[in-house]
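Let me begin by presenting the structure, written as structure tokens, before commenting on it.
Treat the numbers as computed from the prediction; the structure is a model and nothing was measured.
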Amino acid sequence: MKRQINPITLCRPVGFAHGWLVESEAGARTLYLAGQCDYDGLGKVRAVGDLVGQLRGAMENIGHVLRDAEMGYDDLVQLNFFVLNRDDYALARRHFGEVWKALVGRHYPAMAMFMVGGLFDPQARIEIQGIAAR
């Protein structure tokens, strides 16, 4: 069985779903997370120009999708981070760790970081996409 996960706390998705939860008859659950940016409920970037603030917001939005799927950060098994500038990430790396520990703790899924030429929203500086399983 599969179903869309679209928390009412996030912006209304148009042409996509915030997540897809796939559940087997045996009870295994896999959640496929759409890319999340630091969007408020109206789809506007909150921390304009602040890479660390946008990381926090994107991870909080992932948390909303996880909760609506009755999962938590400890169920994350894979995350992909898309950033615009490698040097900005290198400068913010320690602060990224602080945000991570505050929200996720000491759980570290498989992760990859990609530098991209642009994101859909020109004010977004980071987008995070991934998979959770239980």
**Report entry** Residue pair Val83 / Asn85, side-chain heavy-atom distance below 4.5 Å
**Finding:** no
Query raised in the report: Taking a hydrophobic cluster as the set of Ile, Leu, Val, Met, Phe, Trp and Tyr residues connected by side-chain heavy atoms closer than 4.5 Å, whether directly or through intermediates, do Leu103 and Phe96 fall within one such cluster?
Result: yes
**Report entry** Salt bridge present between Arg56 and Asp38 (N-O < 4.0 angstrom)
**Finding:** no
Requested in this report: Go through the steps for Leu55 and Ile128 under the test side chain to side chain contact (heavy atoms under 4.5 Å, CB included), then give the verdict.
Outcome: CA-CA 8 Å; Leu55 168 77; Ile128 307 168; 3.7 Å; yes
Query raised in the report: Got a salt bridge between Arg46 and Asp40, using NZ or NE/NH1/NH2 to carboxylate O under 4.0 Å?
Result: no
Report task. Supply the atom-to-atom distance Met111 CE to Gln78 CD, rounded to the nearest 0.5 angstrom. Result -> 10.0 Å
Query raised in the report: What closest approach, in Å, do Leu31 and Leu66 show between heavy atoms, and which atom pair accounts for it?
Result: CD2-CD2, 3.8 Å
Requested in this report: Check whether any side-chain heavy atom of Phe82 lies under 4.5 Å from a side-chain heavy atom of Met113, and answer yes or no.
Outcome: no
Query - Distance in Å, Gln54 CD paired with Ile126 CD1, rounded so as to fall on 0.5 Å steps - result: 8.0 Å
Query raised in the report: Roughly how far, to the nearest 0.5 Å, is CE of Met71 from CD1 of Ile62?
Result: 13.0 Å
Query raised in the report: According to a 4.5 Å side-chain heavy-atom criterion applied to Ile, Leu, Val, Met, Phe, Trp and Tyr, with indirect links allowed, do Val77 and Tyr73 form part of one hydrophobic cluster?
Result: no
Query raised in the report: Does Val45 offer a backbone N or O that forms a donor-acceptor pair with the side chain of Asp121 under 3.5 Å?
Result: no
Query - Close side-chain approach of Pro7 to His18, heavy-atom, < 4.5 Å - result: yes
Report task. Report yes if some heavy atom in the side chain of Trp20 is under 4.5 Å from a heavy atom in the side chain of Ile5; otherwise report no. Result -> no
Report task. Kindly indicate whether the side chain of Leu79, heavy atoms from C-beta on, has any atom under 4.5 Å from the side chain of Gln129. Result -> no
Query - Pairs meeting criterion ring-ring contact (aromatic ring centres under 6.0 Å, His included) with involvement of residues 22-65, two or more places apart - result: none
Requested in this report: Mark yes when over 12 heavy atoms from residues, nucleotides or ligands other than Phe114 sit less than 6.0 Å from its CZ; otherwise mark no.
Outcome: yes
Query raised in the report: Side chains of Arg3 and Glu23: does their closest heavy-atom pair fall under 4.5 Å?
Result: yes
Query raised in the report: Cluster question for you: counting only ILVMFWY and a side-chain heavy-atom cut-off of under 4.5 Å, with indirect links fine, are Val104 and Tyr108 together?
Result: yes
Query raised in the report: Just by modelled atom types, is the Ala47 backbone N or O under 3.5 Å from a matching donor or acceptor in the Asp50 side chain?
Result: no
Query raised in the report: When rounded to the nearest 0.5 angstrom, what is the spacing between CE in Met59 and CH2 in Trp100?
Result: 4.0 Å
Requested in this report: Report the distance from atom CD1 of Ile131 to atom CG of Asp75, rounding to the nearest 0.5 Å.
Outcome: 13.0 Å
Query raised in the report: Can Gln4 and Asn6 be counted as having a side-chain donor-acceptor contact under 3.5 angstrom?
Result: yes
**Report entry** Side chain proximity check, Arg29 to Glu70, heavy atoms < 4.5 angstrom
**Finding:** yes
Report task. Would you give the length of the straight line joining atom CG of Asp87 to atom CE of Met115, rounded to the nearest 0.5 angstrom? Result -> 8.5 Å
Query raised in the report: In terms of heavy-atom contacts, does CZ of Arg67 have more than 12 from other residues, nucleotides or ligands at under 6.0 Å?
Result: yes
Report task. Give the minimum heavy-atom separation between Ala92 and Val52, together with the two atoms involved. Result -> CB-CG2, 3.6 Å
Query raised in the report: Judged by atom type as modelled, is there a donor-acceptor pair below 3.5 Å linking the side chain of Arg125 to the main-chain atoms of Leu119?
Result: no
Report task. Please examine the side chains of Leu76 and His107, heavy atoms only from C-beta on, and report whether any two atoms are closer than 4.5 Å. Result -> yes
**Report entry** ring-ring contact (aromatic ring centres under 6.0 Å, His included) between Tyr89 and Phe81, worked out
**Finding:** CA-CA 10 Å; Tyr89 166 73; Phe81 296 80; 8.1 Å; no
Report summary line: Scanning both residues in full, the closest heavy-atom pair of Ala17 with Ala34 reads O-CB, 3.2 Å
